[in-house]
Each structure stands twice: as structure tokens, then as C-alpha cells.
Amino acid sequence: PRKIAEILVARLEAKASGVQEVSVAGPGFINMKLDPSWLDRVIPEVLAQDEAYGRSGYGAGHRVQVEFVSANPTGLPHMGNARGAALGDAIASLLDAAGYQVSREYYINDAGNQIEKFGQSLEARYLQELGQDAEFPEDGYHGQDVTDTVRGYIEKEGDGLLTEEPEKRRLILAEYALEEKLSHIREALTRFGVRYDNWFRESTLYETGAVEHTLEVLRSRGYVYESEGATWLAATKFGEEKDEVMIRQNGTYTYFAADIAYHLNKIERGFETLINVWGADHHGHVARMKGAMGALGQDPDRLEVVIMQLVRLFSGGEMLRMSKRTGRFVTLDELMDEVGVDAARYFFVMRSADSHLDFDMDLARSKTSDNPVFYVQYAHARVCSILRQSGVPDYGDGDVSLLTEPAERELTDRIARLPGTIVLAAQAREPHRMCTYAHELAGLFHSFYASCRVLGVEPELMKARLKLVDATRITLRNVLTLIGVSAPEKM
RNA sequence: GCGCCAGUAGCUCAGUUGGAUAGAGCAACGGACUUCUAAUCCGUAGGUCAGGGGUUCGAAUCCCUUCUGGCGUGCCA
């Protein structure tokens, strides 16, 4: 390889393209050293683009839908949902910045079995609250929030349901609770900084006949059969270990049947790529969902599922279990109260999705340097402080070629890498890379700060450095915005 | 049993898709505030990349295998 490299280098005419020097190194690498003036183009461009800096047209308007959180509206969003929210939103933002046309969606499971269970739980609490003897379903929702909801209902609507048909009673209570939960979920996610383009209700798939239609499509393609009183999907035909029930013996559709209809619906709405962010407890669903796409005659690769490993919550050195069933879990709201939105979002995005996340509440709660989000935010605050105190009304004519210190060059170099980093992170659907980038950029700025004074140096150099500082501000802010973390001007 | 994810410094984790001497943050140790925010910086120390085979010029990264932990393997969602 070295000899080949030498032959190539001898024939390269690099000077014309801004390359200062070409050399062979190591086992046969061809190193091209850019002309120092190459970096001088960076800062003016960043200042000119401002909020658009980092964005690119890489995705060429390709239509992508990101579906995330989609927590059952039978409870409040918990830590796992919070990770999904931070992750999904950041992935969507990354794709948007990389030039894709992105739509964020929340799938509301307002139909099916769990709603039935929800109704039973509500009914039991309702009766109990009104002094009746009612048995609480074993696999019901044990959370205190169910009782709270019921109390609120009684306060508003009274005890009229005592005389209602049980089935209708459950339906009324479930509908009431569903809307209440849903509005809490919206509020919590809004507070968390997440905005959805669409909230999609599972129930509409039944109302519009989409589920039946989907089943017909599958049937016509030879993937459906009847057995033991149930209707099955021949999943083994597309490589699954066993077939799956679509319609139960009791005539109701399974979650899987509705989910296939939902994904067909997404395709029909014109999304070219579908990205779902799911918890690890759903990973068994991935292969059969992709297989079902194929069975529908769609390209399975259009569906991508980002699986995130579960969150373990530690407080006071003790691990807390999270379960809606037992009702013992930390809600997204409680998390935001405890550690704030910025720390929470940074913590969730910081780690790659396929690592387990041990969320240390005590650490996130602490406002000390142990907390990595402060390191990055502090860099931004320092930047703003310099700009605020500079007293220089206009440094637009600053000459950035005066920036020759190693710390200045390294900082500029890293600033220049934002657009490429965003594209790579978007391609890989890995927003944690942006945290790594932000942390490195902040570190380079802190080093620069320690070795190069800005204010009070001779005027021409000061103006050049103010430009660099301003470009750092823009870059830090744009990265933080991308992951949903604020960029404070003072700390 | 089978499948997915993980195993990298004392701890928590990165590692740009197979490249050059494996990097950060905490924790430890030693330095730096008359000057733009010390929530910072500079330095020192810390490694059998879980173990073992293999692929090749070259492996933390790919393949096989063993071990450990988590999750899944429902006519639940």
C-alpha cells in the first residue's frame, strides 16, 4: 500500500485545489494538508448563515415520518417514554436539519384490550369511591392516578353511573379518563419541548374500515387463514417462527392487526421512510412488523425501528422499578420538576440508544460540574458574556486570517464540522453524536478562553477573535437547539 | 432452548461504519484566579477493548465460540 500511495502522490496535482502538501504516512495513507487559508472561509460563513448554520440539503426533501413515545393514554408518561421523547424529537430535528421533510407523530392507542382493562379499573375505583364493594381487576391499573381521575369525575358528574349498565359505565369512564390523560400527556410533552405534527388515533383505523381493508389486502395476497376460530397471519411465509393471530376467537382484532393497518396508512399518506422509536420491550415486534410490510407488497426497508434500551432509575443509590401496573413510577412531570428540562433531555440524548441508561436522579439534580449539560451551557454563557462586554459595535471587518494560535485553529476547525456531523448523525439516526460534538466544541472553547484573551488585546486581533467567539456562540446554540436544550446567555 | 441489545480506565460512557500511539467526563494526584464568568483551564496517573479462535497489509469494530447482564419469545400492547 505504501508503494501505491507513493505512486499516486507523485502524480497528484493538489496545489490548485487548496491543498498545501501531500505526503505518504503510516501503512500507506495519503495525507493532504489543507492550505491554512482554507479555515478562513469558515467563520464568515457561519456568521452569515446564523440560525441556518449546520443545515444542509442532504436529504433532498425526502419525506420521513418519525413516530415516537406513543405511550398508552392509560397513564402518564414515565422515564422510558421520556427517553423516547428526547430521542425521537432529536432524531426528527436532525433529519430536518439534514434537509429531510419530517413529520412527528404520536400514535394514540385508544382502542383494544388495554382500554377495556382501563375501563374495568376505573369502574372498580368509581364504585369503591362511592362506598360500593367492588373487586379490583388483578391485571388492572393500580396507579393512584386512576383513583384521582375517578374522584375528579365524581366531583364533576356525580354518582349517576351507579345505575348505568356496567358496559356503558366502563365506556363512559374510559372515554373521560382517556381525554384527561391525553391532555396531560400533551401538556407534559409540550413542557418537555416536544411538538407533534400529528396525533393519530388507533380508533380511526377501525372507524374508517382500514383494519378490515388491510386484512383484505393480506388475504388477497395469500397470507391469511382461519384456524381454531381465529384469523391468522401466515407470518412463517415471511420468515417468522410462528404465525400470528389477527382476529381472536372472540372476534376482536389484535394490536398487531391494527398496527399493520396503521403502517399501511402511513405509506398511503406518502411518507417514503418510516422511523419508529420503540422501547427494547417491543423489539420482538420489529421483525414481524417488517415482514408484514413485505406481505402488504411494500418494501420492508422503508420501515426503520430505532430500539432504545430501557431506563433504570436510581435515587439515593437505590434502583426504582417502573411499572404502570403497580403504579410505582416517576412521571415525566416529576422528572422535569426534579432535574429540569435541559438536564433531562441532555441525559437522555447523551447515550446511544442501544445502551442501557442508568439515570442517576441525584446526579442530574445536582447543579454542579458533574453534570455534563452545564459544561456546554457554561461555554455558551461565557461566549455571550464576552460579546456583551466587548463594547465593539461592529466587528464585521475583522480579519480572521489573524487567528493563528493553535487553540483558535482547533476551535475553528471544529466549528466547520457541524454540517457534516449533523448529516452523519442523521444518517445513523444517532443524536448522541451531537452531544459528543457539543461537549468537544465547548471544551475547545474553554481551552481557547484560557489561552487567548479577547477583550483588551490590540483592536484588529480583538475584532477577529470576536468573530470567532460569535461563530462559537452560533454553533453551540444551534447544536443545543437541535437536541432540545436551551442555550442560556447568563448562568 | 431460540432471538435482540450490551460487556472498553476505579465509575459512567464515546470511538466518524475495517485504519495510524483506543479517547472524554467524574473520582485520584499536582499546578493555574490583580485581567473577558474558576460551573473553567493545564499537567500526572489509570487499559489482557469480557475470554478464546478466525478473516487480512491492519480488528474495540467483521465471522465463529464460551461466559456475564438486560429484554423478548402472549388469541398482552
Side-chain angles (χ1 to χ4, degrees), chain A residues 1-2 25-29 31 70-72 74 109 111-117 139 202 227-232 240-259 278-288 307-310 312 324 347 350-358 360 363 366-379 381-391 407 417 420-421 423-425 427-428 430 432-433 435-437 439-440 442-443 445-457 462 465-466 469 490-491:
Chain A
R2 257 200 94 95
F29 296 109
N31 286 341
S70 301
N72 279 341
T74 50
N109 298 115
N113 215 0
Q114 83 279 6
I115 296 300
E116 184 58 34
K117 294 248 166 63
D139 50 356
E202 180 186 355
S227 174
E228 301 167 41
T231 301
W232 296 74
E240 288 300 288
E241 280 184 20
K242 53 185 178 44
D243 294 340
E244 301 283 344
V245 170
M246 305 279 282
I247 304 176
R248 301 183 186 94
Q249 268 184 343
N250 68 12
T252 59
Y253 287 98
T254 60
Y255 168 84
F256 188 38
D259 217 20
W278 287 350
D281 53 340
H282 282 63
H283 82 255
H285 191 51
V286 177
R288 65 171 178 262
I307 291 293
M308 52 166 189
Q309 297 301 312
L310 301 179
R312 291 191 302 185
K324 285 188 187 178
F347 268 56
M350 190 168 59
R351 300 281 149 76
S352 117
D354 48 28
S355 319
H356 289 265
L357 181 61
D358 288 344
D360 185 340
L363 176 65
S366 73
K367 301 215 163 185
T368 69
S369 58
D370 300 351
N371 204 331
V373 65
F374 290 123
Y375 183 82
V376 179
Q377 289 184 318
Y378 182 58
R382 266 186 155 176
V383 160
C384 291
S385 177
I386 294 174
L387 295 174
R388 203 163 43 234
Q389 293 172 58
S390 73
R417 290 169 195 264
T421 304
V423 168
L424 285 172
Q427 277 179 324
E430 288 183 352
H432 76 272
R433 295 181 191 218
C435 287
T436 306
Y437 176 84
H439 199 269
E440 287 169 351
F445 174 75
H446 285 311
S447 293
F448 160 79
Y449 183 91
S451 64
C452 300
R453 237 198 112 69
V454 177
L455 303 185
V457 299
M462 177 167 72
R465 285 184 174 166
L466 280 169
V469 169
K490 282 185 183 177
M491 285 177 76

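The sequence lines fix the lettering, A, B, ..., with proteins before strands; numbering per chain opens at 1.
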Subject >> side-chain contact (heavy atoms from CB on, under 4.5 Å) between Leu455(A) and Ile386(A), worked out >> reply: CA-CA 8 Å; Leu455(A) 303 185; Ile386(A) 294 174; 4.2 Å; yes

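Within 4.0 Å (heavy atoms only), Lys242(A) reaches sugar-phosphate atoms of the nucleic acid but no base atom. Contact annotation for Gln249(A): base contact, defined as any heavy-atom pair under 4.0 Å involving a base atom. Residue Ala287(A) is classed as having no contact, given no heavy-atom separation below 4.0 Å to the nucleic acid.
Both His439(A) and Gly456(A) lie close to RNA chain B; mapped to their nearest nucleotides by heavy-atom distance, the more 5′-ward contact belongs to His439(A). Residue order along RNA chain B, read from the 5' end via each residue's closest nucleotide, puts Ser352(A) first among Ser352(A) and Ala25(A).
Nucleotide C41(B) forms a pair with G31(B), judged by Watson-Crick or G-U wobble geometry with both contacts under 3.5 Å.
Side-chain to base pairing of His282(A) with A77(B): one donor and one acceptor N or O lie within less than 3.5 Å of each other.
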Got a list of protein N/O to nucleotides 3-10 of chain B N/O distances below 3.5 Å?
residue, atom, partner, partner atom, Å
G3(B), N2, His283(A), NE2, 2.4
C5(B), O2', Gln309(A), NE2, 3.4
C5(B), O2', Asp354(A), O, 2.7

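Classified by interplanar angle (parallel below 30°, tilted 30° to 60°, perpendicular above 60°), the ring pair Tyr375(A)/His439(A) is parallel.
Applying the side-chain contact (heavy atoms from CB on, under 4.5 Å) rule to Asn113(A) yields the partners Glu116(A), Lys117(A), Arg248(A); only residues at least two apart in sequence or on another chain are considered.
Syn is the classification of C33(B), since its glycosidic angle stays within 90° of 0. A syn orientation is assigned to U17(B), its glycosidic angle lying within 90° of 0.
Listed by residue number, His446(A), Ser447(A), Tyr449(A), Ala450(A), Cys452(A), Arg453(A), Val454(A), Leu455(A) are the residues of residues 446-455 of chain A with a heavy-atom contact under 4.0 Å to RNA chain B.
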